[in-house]
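Since the structure comes first, as C-alpha cells, the remarks are kept for the end.
In what follows, chains are A, B, ... by sequence order, proteins preceding strands, each numbered from 1.
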There are 2 protein chains.
Amino acid sequence: MTRVLVVEDEPQIVRALVINLKARRYEVDAAGDAATALELAAARHPDVVVLDLGLPDMDGVEVIRGLRGWTRVPIIVLSARHSSDEKVEALDAGADDYVTKPFGMDELLARLRAAVRRAEPVAGGGEEEVVVETDGFLVDLAAKKASRAGRDVRLTPTEWHLLEVLVRNTGKLVSQKQLLQEVWGPSYGTETNYLRVYMAQLRRKLEADPSHPRHFITEPGMGYRFEK
Amino acid sequence: MTRVLVVEDEPQIVRALVINLKARRYEVDAAGDAATALELAAARHPDVVVLDLGLPDMDGVEVIRGLRGWTRVPIIVLSARHSSDEKVEALDAGADDYVTKPFGMDELLARLRAAVRRAEPVAGGGEEEVVVETDGFLVDLAAKKASRAGRDVRLTPTEWHLLEVLVRNTGKLVSQKQLLQEVWGPSYGTETNYLRVYMAQLRRKLEADPSHPRHFITEPGMGYRFEK
DNA sequence: CCGAGCCTTGACGCCTCCTTGACGGACGCC
DNA sequence: GGCGTCCGTCAAGGAGGCGTCAAGGCTCGG
C-alpha cells in the first residue's frame with residue numbers, strides 16, 4: 001500500500017486530506033509541525049510527502065532540505081503563497097511539485113498519483129527481493145517475519161528497521177552514519193552506541209554463534225555489512 | 001548537456017522558451033505539432049519534454065500516451081485550460097507536471113529543473129566506474145570490498161581512503177603532498193612516513209609480489225601512481 | 001494503576017587501528 | 001668510496017572503537 005505523510009497545521013485541511021486519501025486506500029500519517037514531520041518521515045518511510053510550507057516551528061523549505069539530506073521521496077508542496085520566488089525556492093530546494101491553496105482535491109490527488117508513479121521502479125528491473133535466506137536463518141521483509149532453525153524469531157521495530165537497511169544493501173558496506181540516519185533519523189549521526197547495542201541484539205537473535213558473526217559483519221571504523 | 005524538447009504551436013511562446021532555455025545552456029529542439037514532436041522525441045531522446053496541450057493536429061493527451069508507450073522522459077504540460085478535469089486527465093495519462101498559461105518563466109524553469117533532477121540516475125543506476133580489476137586483485141569502491149585470488153581482503157579505513165584516491169587517478173601520478181592532504185587532512189603535507197607505511201600495507205594486501213609492486217608504483221621524490 | 005516490552009544510557013574489558021621510532025637498503029652526489 | 005637522502009620494513013605503544021551487560025525510563029495495553 002502507498003504510504004502518504006501529510007504535513008499541515010490547519011486541522012480542516014488535514015481532515016479533508018486524510019479522509020480523501022484513506023478513501024482511496026492510501027495509508028496516511030499526519031504531522032502538524034516540522035519536527036514531527038521529520039521524525040515521522042524517518043520512522044515510517046512514506047512513499048510521498050504532502051508538505052504545507054506554513055508550519056509553526058520551522059520554515060517549510062528547511063523541511064525539504066532536511067528530507068533531501070537522506071531521501072529522494074517525492075515531496076508535493078502546498079502553499080498559500082502564489083509568488084514565483086517562493087515556488088522557485090521550494091522546487092530548487094528539492095520539492096517535486098508545488099500546489100497553491102486553495103487547491104482542488106482532484107488535482108492534488110492526480111499530482112500525487114503522478115509523483116508516486118514516476119518514483120516507481122522501472123517495470124521488471126525494480127523487483128526487489130523481500131525474502132532473504134542464509135544457512136542459519138530466514139527473513140521476510142514484506143511479511144515482517146524472521147525465523148531461525150524453523151522457529152519464529154521476534155524482532156522489535158528498531159531491529160526490523162536496522163535489519164531492513166542492511167538487507168537492502170546485501171554485500172555492500174553501510175556506513176555507521178547512514179545506518180543511524182536511516183533508522184533513527186537525520187539528526188542522529190554519531191550515536192554509535194545505539195548501533196552497537198542493536199547489532200548485538202540482531203546477532204543474538206539471528207546468528208548461530210553471536211560472538212562469531214558470519215552474516216552481520218563489522219568493518220571497524222567504517223560500518224557494517226550484511227552477507228548471505 | 002540537458003536536452004529539452006519544446007512542443008508548442010504559438011511562435012511567440014516557442015521563441016521565449018527557446019531563448020530562455022538556451023541562455024541557461026540547455027540544448028533545445030522545438031516542434032510545432034504532435035507528429036513532429038513524436039518524431040523528434042524518438043530521434044533525439046530529450047531529457048525532458050515541455051508540451052502544450054493545444055496542438056493543431058492531435059489532442060495533447062494523445063501525445064503523452066504516445067510518449068509513455070516507450071519512454072519515461074519527464075513531461076511538463078503547458079495549457080491554457082484551468083479546468084481540474086483537464087489536469088487530472090493529463091497527469092493520469094502520464095504527465096509529470098501541469099503548468100497553466102500564462103506562466104511565469106522562472107517558475108517553469110524551476111519545475112523543469114525539478115523534473116530533470118528527479119529523473120537523474122539513482123545511486124546504482126548512474127553507473128560510475130566503481131569496480132576496478134587488475135590481473136591480481138579486484139576492488140569495489142562502492143561496496144568497500146576487495147579481493148585477491150578469490151579471497152576477500154580486509155582493508156582499514158585509512159587504507160581504503162588512500163586506495164580510493166589512487167584509483168580515482170588511475171594511471172596518473174599523485175604527489176605525496178596531495179595524498180597526505182586528501183587522506184590525513186589539509187594540515188598534513190610532510191609526514192611521508194605515513195605514506196610509506198600505508199603503501200606497504202596496500203601492497204602487502206593486494207600485490208602478488210609486494211616487494212616488486214606492479215600496480216602501486218613509486219615515483220621517487222614525487223609521489224605514487226596506480227596502474228591497472 | 002500496574003506490568004511488559006522497548007528504547008536509551010552508562011560502564012567496562014577487549015581488540016583493532018593509527019602513530020611513531022628504529023633500522024637497512026638503494027641511489028645519487030660529492 | 002663515503003655520505004646523505006629517500007624509501008621499504010618491522011614492531012611496539014597508545015588511543016579509540018567495539019561487544020557486552022545491566023539498569024533506568026518511557027509508552028502502551030490491560
Side-chain angles (χ1 to χ4, degrees), chain A residues 36 39-40 42-44 144 146 152-163 166 173-185 187-225, chain B residues 144 146 152-164 166 173-177 179-185 187-225:
Chain A
T36 314
E39 219 167 282
L40 271 179
R44 306 271 293 163
K144 287 267 192 292
D152 277 9
V153 175
R154 275 184 46 86
L155 298 179
T156 72
T158 309
E159 286 162 9
W160 270 114
H161 208 152
L162 180 60
L163 179 62
L166 287 168
L173 177 103
V174 189
S175 75
Q176 318 189 51
K177 188 169 182 179
Q178 187 182 341
L179 284 170
L180 281 165
Q181 294 195 338
E182 290 225 26
V183 176
W184 278 270
S187 62
Y188 292 73
T190 55
E191 291 81 349
T192 58
N193 46 329
Y194 290 16
L195 280 182
R196 296 209 298 279
V197 171
Y198 275 89
M199 286 303 300
Q201 289 179 358
L202 278 183
R203 284 168 176 156
R204 183 149 34 82
K205 291 185 177 179
L206 295 176
E207 291 270 5
D209 180 358
S211 57
H212 298 95
R214 294 181 45 204
H215 305 289
F216 299 97
I217 298 165
T218 304
E219 300 283 358
M222 307 202 294
Y224 295 86
R225 182 200 311 276
Chain B
K144 287 278 196 306
D152 278 7
V153 174
R154 290 205 42 225
L155 300 180
T156 71
T158 311
E159 286 161 9
W160 272 112
H161 207 155
L162 182 60
L163 178 61
E164 207 174 323
L166 288 168
L173 172 81
V174 188
S175 74
Q176 313 192 34
K177 187 168 183 179
L179 284 171
L180 281 164
Q181 294 194 339
E182 287 224 31
V183 176
W184 278 270
S187 60
Y188 293 72
T190 55
E191 291 82 348
T192 58
N193 47 329
Y194 289 15
L195 281 182
R196 294 209 299 279
V197 170
Y198 275 90
M199 287 304 301
Q201 288 179 357
L202 277 183
R203 285 167 175 158
R204 183 152 37 81
K205 290 184 177 178
L206 295 176
E207 291 270 6
D209 181 358
S211 57
H212 298 94
R214 294 181 45 203
H215 303 102
F216 299 98
I217 298 163
T218 304
E219 301 281 359
M222 308 182 60
Y224 294 87
R225 184 153 43 95

In this structure, how many angstroms lie between the [atom2] atom of [N] and the [atom1] atom of [X], rounded?
| X | N | atom1 | atom2 | result |
| --- | --- | --- | --- | --- |
| E219(B) | dT5(D) | CD | P | 22 Å |
| Q176(B) | dG8(D) | CD | P | 9 Å |
| H212(A) | dG19(D) | NE2 | P | 13 Å |
| M199(B) | dC6(D) | CE | C1' | 15 Å |
| L180(B) | dT20(C) | CG | C1' | 15 Å |
| L195(B) | dC7(D) | CG | P | 9 Å |
| E191(B) | dG21(C) | CD | P | 11 Å |
| F216(A) | dG19(D) | CZ | P | 13 Å |

Contact class for R204(B) vs. all strands (heavy atom < 4.0 Å): base, sugar-phosphate, or nothing? nothing
Any base atoms under 4.0 Å from T192(A), or only sugar-phosphate, or nothing? Heavy atoms, all strands. nothing
Taking only Lys NZ, Arg NE, NH1 and NH2, and the carboxylate oxygens of Asp or Glu, determine whether K144(B) and E219(A) approach each other closer than 4.0 Å. no
Are M222(A) and L173(A) close enough that some pair of their side-chain heavy atoms sits under 4.5 Å apart? yes
Does any non-hydrogen side-chain atom of L195(A) lie less than 4.5 Å from one of W184(A)? yes
Looking at dG8(D), I'd like to know if its phosphate oxygens (OP1 or OP2) sit under 4.0 Å from a side-chain N or O belonging to S211(B). no
Measure the acute angle between the ring planes of Y188(B) and Y194(B), then classify it against the limits of 30° and 60° as parallel, tilted or perpendicular. tilted
Taking atom [atom1] of [X] and atom [atom2] of [Y], what is their separation to the nearest 0.5 Å?
| X | Y | atom1 | atom2 | value |
| --- | --- | --- | --- | --- |
| L202(B) | Y224(B) | CG | OH | 10.5 Å |
| I217(A) | R203(A) | CD1 | CZ | 9.0 Å |
| L179(B) | T192(B) | CG | OG1 | 11.5 Å |
| L166(A) | F216(A) | CG | CZ | 6.5 Å |

Donor-acceptor under 3.5 Å ([X] side chain, [Y] main chain):
| X | Y | answer |
| --- | --- | --- |
| E207(B) | R214(B) | yes |
| E191(B) | L180(B) | no |
| H161(B) | E182(B) | yes |

Between N or O atoms, less than 3.5 Å apart, protein on one side and nucleotides 22-30 of chain C on the other: list the pairs.
none

N/O to N/O distances under 3.5 Å, protein versus nucleotides 15-18 of chain C:
unit_1	atom_1	unit_2	atom_2	d
dC17(C)	OP1	R154(B)	NH2	3.2
dC18(C)	OP1	T158(B)	N	3.0
dC18(C)	OP1	T158(B)	OG1	2.3
dC18(C)	OP2	T156(B)	OG1	2.8
dC18(C)	OP2	Y198(B)	OH	3.0
dC18(C)	O5'	T158(B)	OG1	3.4
dC18(C)	O5'	Y198(B)	OH	3.0

Sugar-phosphate or base contact per nucleotide [nucleotides 22-30 of chain D; S, B, -; heavy atom under 4.0 Å]: ---------
